[in-house]
Amino acid sequence: MAPRLCGKSSSTIRSGWTLRSGRSFIHIRPRRLRHFPSCRNLVAFLSGMCPKPTKQPPRPYPQPLERLLSLRYPRIVGEVVDEGAPDHQKADDGPCGDLDLPVPFGAMHLEEHAALVLALESELLLRGELAQLGRPLFLGLEPVAGEVEGWQLRFGRPAKQATHLDARRRARTPSPLADNIPLRVKRKLSFTPTSTSSPSPVLSPLRPCRMAEAAAPSETHQSAVKATLSALDPSKASDKTLKIENTEKRDTLIATEKVYQKKWADARVFEPDAPSLQDEPFDTTSPDDLHDKYPKYMGCFAYPYMNGTLHAGHGFTASKVEFTAGFARMQGKRALFPLGYHVTGMPIKACADKLVREVELFGQHFERCPVDDIAEEGQTDGAVPPAPTQAETKTDLSKFSTKKSKASAKTIKTKYQFQIMLAQGIPLEDIHKFADPLHWIEFFPPMAKQHLESFGARIDWRRQFVTTDANPYYDSFVSWQMRKLLELKKIIFAKRYTVYSPKDGQACLDHDRQSGEGVNTQEYTALKMKVKEWAETAQKKLQGKLPADANIYFIPATLRPETMYGQTSCFVGPSLHYGVFKVSDSEYFVCSVRAARNMSFQNIFPTWGEYPQIATLSGKDVIGTLVDAPLSVHTEGVRILPMETVKDTKGTAVVTCVPSDSPDDYITSLDLAKKAEYYGIQKEWVKFDGILPIISTPQYGDLTAKKLVEDLKIQSPKDSKKLEEAKEKAYKEGFYKGTMIYGDFKGQKVEDAKNLVRKQLIDLGLAFPYAEPDGKVISRSGDDCVSALLDQWFMNYGTAETGGDDEWAQMVLEQIKEMNLYDADQAFVQVVHWLGNWACARSYGLGTKLPWDPSVKVESLSDSTVYQAYYSFAHLLHKDLFGKEVGPLGIKPDQITDDVWDYVFARRDRADLPQSEIPKEALQTMRRHFDYWYPLDMRTSGKDLIQNHLTFNLYVHSALFSKENRPRSFRVNGHLMLNGEKMSKSTGNFLTIKGAVDKFGADATRIALAEAGDGMTDANFEEAVANANILKLFELRKWAEEMIRDAVIVDSAEKYMESRETLRIKNYDSVQRKSGSPLFLWDHIFENELNGLVAETKQHYEATMYKAALKSGYYDFTAARDFYREATKAAGLGMHEDLAKRYIELQALMLTPIAPHWADYIWQEVLNKPDTIQNALWPEPSPTDAALTAAQNFVRSTQSNVGSAEGGAIKRLAKGKTALFDPKKDKKITIFSAKAWPEWQKKYIDLIRDKYPNIDIKAISKSIDKSESKKAMPFINNLKRRLDNGESPDAVLNRQLAFDELATLRAMVPGLKQTVQKCVAVEVVAVDEGGKTGTVVNEDGSEGEKKSELPPQAASAEPGSPTFAFENVESLPVR
């Protein structure tokens, strides 16, 4: 259709000119332009070419413009959109409404007429006359990055309107319209000046070097930067986390933390060393002797990758080592917690290279990055637009409408690396420095150290280092490691399928991936199903595109070649698109583009990475095509049939059909046979009658698929969940238990026949090997990865089944059995069984050069396996993390030969010194440090590293180190959630270590991490816990200070009461009975409880169960103090000075591993201890007294029962029911204590005595008469509980309480009067046998009044289980 310039009346759109070309249009009107004098020539130009708008039908262009538009113009994608305009009728309301620009939304391909728009925009914008509109503008020609590189002429707010010149079409192109653009504008746009009489003026290529010259107001240079900072402000990453307003208490605690961190650093508290050669002679002291005499602990976590700051998840994993190291110190061990920094691999290099390109493109401060490059339309209120239905599809592209409102939001995309750096808080002026990979290594490690120091980590910073050749010592260590593994044949050179990035030109391993970590290659057998007869539609589409004698093959990929005898058809997705790809002059493949791309890197196509596509067919086009099916009994061929569930994201998108053993194939074939007419096929094509049995299984017979479909009641190919279950069952049963009953390998097990059939197919030329990633993998460079068949160096991981070194794998499995893996054993075993060869070298990124092939570097998960051994003496080799300063032993990197490494890592006998320039004493010192610190005692990591990092660690340790020097334990934790949700910067739910410490302080953060969880399930950092502990720690510290510094010591209970009544003091807890004074029942119970909690907490720390340790050693500890305080206060005794001080001391010790700053302040500042608590030993309490423990449990249960009884009365009254007493009025409590046990219990006592100590409650319950079960089982459970709590069997089974019940009840009376509302009297009654009569027990323990006709509650009392009666003092009716 010829382009036409049309006049339009205002009744349709507006007066002006509409330039149409096909369905595209642009509308220009002079109403606004006439206000700009410089635009009048353009208005006149347009007016001269077309008469003033009328209601007449469209007329042709004037001849001059017709000639211009008949020439070829640059392809220009015009996003000429008024961002704020609600629809095309209201363009004037938008921020650029004055321009009267076209309003169609989205990218339009404006061909010829776009040059006219360019002329208009140039005239308006480049002269700057839009400044009169009084709004900020972004003007000028800017580079564009992305799929299509080029330049954009930008304007508006925020420069969403643009004309994009496609770089692919920017070569010298005729552009007569240049004659109508003023010369000054041409210069701005790099137009070559031409004469107006020239028949074919040219548009010179636009060059990046001219971009910087594009005019733009200086104040808008950083618009993209500002937009990024506004949307991705680092502070907003934690926008939805807890905000703390009153920070005085927190700031006080943080100030103390800084003081003690400095003290520890100055005193080098966390810098342990092995016993020196002077301490213990080298020749006569074995490693076992050292460990016996000088117990040690060495733990670490996976060294962090240094491409950003450490987040709370890092802190969570580190805290497991941190707490254990703190506890190990208290056990008297030399505890080492070292840390290095991982910088090997692609991430840093890829990011640095991105910045190089971005600096070149946008300038050093990215001032030339246009804001609309990073902005995209967003929905208000998070709304997601519904997908359009078929009925909504537009048919007339010349009509545009939108319901976008002015409130529509823009979202900022993180499109560029500089934006990511801004979001991390890197100053704008420093970002360009990160274009150098070395700057990353210099910048982030010191920051990580600073953040972990503020966290209070017990790290020996002398041993820090960076990986790669940036540290020549570590570089030498990795080179030695790789040479040794090659020498031991643990590294092999072979062709293997490897996940590969075509863009990067190298294997893409886990650490090189943006997504898809843990994805491996899946190998298939690709069948060649030769086309015998094309479907009519396909035949027409391919006519003339293929040689007459060409062999064309459909290529299904199968995991079950042993079933190919039973092929009945071949499936395609009817709505999918398939390519016909040229393999050779006579051979062509039909499959998905994705599969062909994979094949092109597997030597299937003649040229690496190329897969020439000569035609495209839809699945629907090929239905009915007749093809050969290799090995099938249907030698006449099978048909291509439709299968709706075929996907082009897995396999080749061609699926061969074997209904005997594939539930999917069976149900689809059944469906096709039933609905042949619906699917547009012939029923006989399905070949569903007389399915051939191929495999016999014990559980499902000879037709596994049929049996499973019927058993699971699968009705349709859409029953995806059931089909997935059936598929898994069919495969497992067939492979592990199946026997071939057809074919050349009849009678053999399927697991043996599988590879034999595959080999047969490949040898006959009927199939070939094909592989692809078993999931989507995106490299850090943004590439969609493939499986490539590479000549590559591999770590020979894996069992015989996965093509690895089976002997090596068995060594690892044995090692797993001997380690403490904290319930993760099975996960490690599974990884060993599925793991295969691992590419250990790559050509791109940072790292150590492969010693025998310097053209490649050691892969990032292969240089980070046994670095824990390097920690043992790293500080002796170098003083800084880069190895620039030689360490105290004076050893230079080039002096460390492989023989030296072998010696210091105990691969040679201790007396077998290597030939070396290094002095003998230095060699022995390094060996001493390794002998002492190894083996590694504990290593912590996230559970996601089991599948690679941790399992590789076991492999390489087992290859290089003797059995006694292999790791003892790996502690694997789950991921860390924040406030119950996944941590995410984009949602504002994110926290760094620094952010947590700044917000809560180190100790409160550490407590919240301990509270977060201990198992492999995902943990949860609750900010509310951290915040609450600021107050708890502050108040507990204040209380301890007052108890020690402001103590008021009294001689007796009388003096205590007198002091409370007469003295005016802040904290009456500080009035204490003096040291050495007699202890009462409450004192004994408190002391006993502390002893029990100390022992319990020790057990939890030993098991690395920090949440449980925090409960017993902190929460329960303070609860015990609170109970003691209230009990002694009610009894008029006050706390005992010795016990108050003992509690404070023990509380500090219990919290030392988790909250060391707080603990050390209490230790040194409050208790005036001479040395840091970091050097204190774990307390050894006296054994708990079972009688006191029983008394304590009795008191608490009795108090709880009293409270429950009172609460029950309150609830009854609230519901309008009657109650025996009114809780809101003065009342008396009568406690009934039984003198003897009920007679019915005797036989159950005898039963327990007979079964002890093997008391099986479940078995006992079955032997009890049902009529007595309700009362007998609670009784039996109580007896067992008492035995489990440590009471002696004699005391329990001989019907003796371990404590004096009446004495304990008398001691409780004062407390009950204070804690029970309106309680004015408490009476204790000793109940006689039978429960009818009893005796009042006086306060001094003497017998008082005899009672008869006791209430019914008295009869229910048992020794150790008193009952209660409440009555109001005034005898008034109660409702």
Side-chain angles (χ1 to χ4, degrees), residues 143 145 208 211-212 218 221-235 237 303-311 340-371 373-374 412 414-452 464-472 474-475 504 511-512 514 780-782 844-847 857 860 880-885 985 992-995:
M211 294 307 147
S218 59
H221 274 181
Q222 296 180 14
S223 59
V225 172
K226 288 178 180 177
T228 298
L229 284 173
S230 174
L232 305 176
D233 185 342
S235 64
Y303 50 17
Y305 198 81
M306 288 290 99
N307 61 342
T309 53
L310 302 181
H311 55 68
Y341 309 104
H342 198 202
V343 296
T344 308
M346 280 186 61
I348 289 175
K349 176 67 173 163
C351 293
D353 287 352
K354 287 179 185 176
L355 284 173
V356 169
R357 292 192 292 271
E358 289 169 21
V359 168
E360 289 176 355
L361 204 56
F362 303 134
Q364 182 168 299
H365 295 145
F366 314 99
E367 61 273 14
R368 296 197 302 273
C369 180
V371 72
D373 258 17
I374 61 170
I412 299 299
T414 311
K415 182 177 179 181
Y416 297 112
Q417 184 63 38
F418 79 82
Q419 294 176 275
I420 296 172
M421 307 304 282
L422 285 170
Q424 287 199 27
I426 308 298
L428 175 64
E429 58 273 14
D430 291 340
I431 291 176
H432 70 278
K433 299 174 184 176
F434 289 87
D436 178 4
L438 185 60
H439 188 69
W440 294 72
I441 305 173
E442 293 171 339
F443 182 84
F444 284 112
M447 182 182 290
K449 178 186 175 185
Q450 178 187 346
H451 295 171
L452 286 168
Q464 62 180 333
F465 60 85
V466 294
T467 61
T468 74
D469 52 7
N471 184 317
Y474 190 80
D475 191 56
D504 302 327
H511 277 191
D512 305 326
Q514 180 176 305
R780 291 188 181 271
S781 60
Y844 178 78
L846 308 179
K857 297 181 177 69
S860 63
D880 66 312
L881 59 88
F882 293 101
K884 294 178 180 178
E885 294 184 60
K985 289 182 179 179
T992 62
I993 290 179
K994 181 180 185 299

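Along the sequence shown, residues are numbered consecutively beginning with 1.
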Can a salt bridge be assigned to the pair Asp353 and Lys349 using a cut-off of 4.0 Å between side-chain N and carboxylate O? yes
Calculate, to the nearest 0.5 Å, the distance between atoms CG and CD1 belonging to Leu310 and Ile993 respectively. 4.5 Å
Within this structure, what is the NE2-CD distance for the pair His365 and Glu429, rounded to the nearest 0.5 Å? 6.5 Å
Heavy atoms of other groups near Lys354 NZ, more than 12 under 6.0 Å: yes
Do Asn307 side-chain atoms and Pro347 backbone N/O form a donor-acceptor pair below 3.5 Å? no
What one should report as the nearest heavy-atom pair of Ala350 and Tyr844 is CA-OH, 3.4 Å
Between Phe366 and Leu428, the two heavy atoms sitting closest are CD1-CD1, 4.0 Å
Do you know which two heavy atoms are closest between Ala448 and Tyr341, and how far apart they sit? CB-CE2, 4.0 Å
Is any side-chain heavy atom of Phe434 closer than 4.5 Å to a side-chain heavy atom of Ile348? no
Which of these, Asp475, Leu846, Val343, sits in a side-chain contact (heavy atoms from CB on, under 4.5 Å) with Thr467? Val343
Could you go through the side chain to side chain donor-acceptor pair (under 3.5 Å) check for Thr228 and Gln419 one step at a time? CA-CA 6 Å; Thr228 298; Gln419 294 176 275; 3.1 Å; yes
If you define the side chain from C-beta out and look only at heavy atoms, does anything of Thr309 sit under 4.5 Å from Lys994? no
Please determine, by modelled atom types, if Thr468 and Thr344 share a side-chain donor-acceptor pair under 3.5 angstrom. no
Looking at CZ of Phe465 and CG of Asn471, how far apart are the two atoms once the value is rounded to the nearest 0.5 Å? 8.0 Å
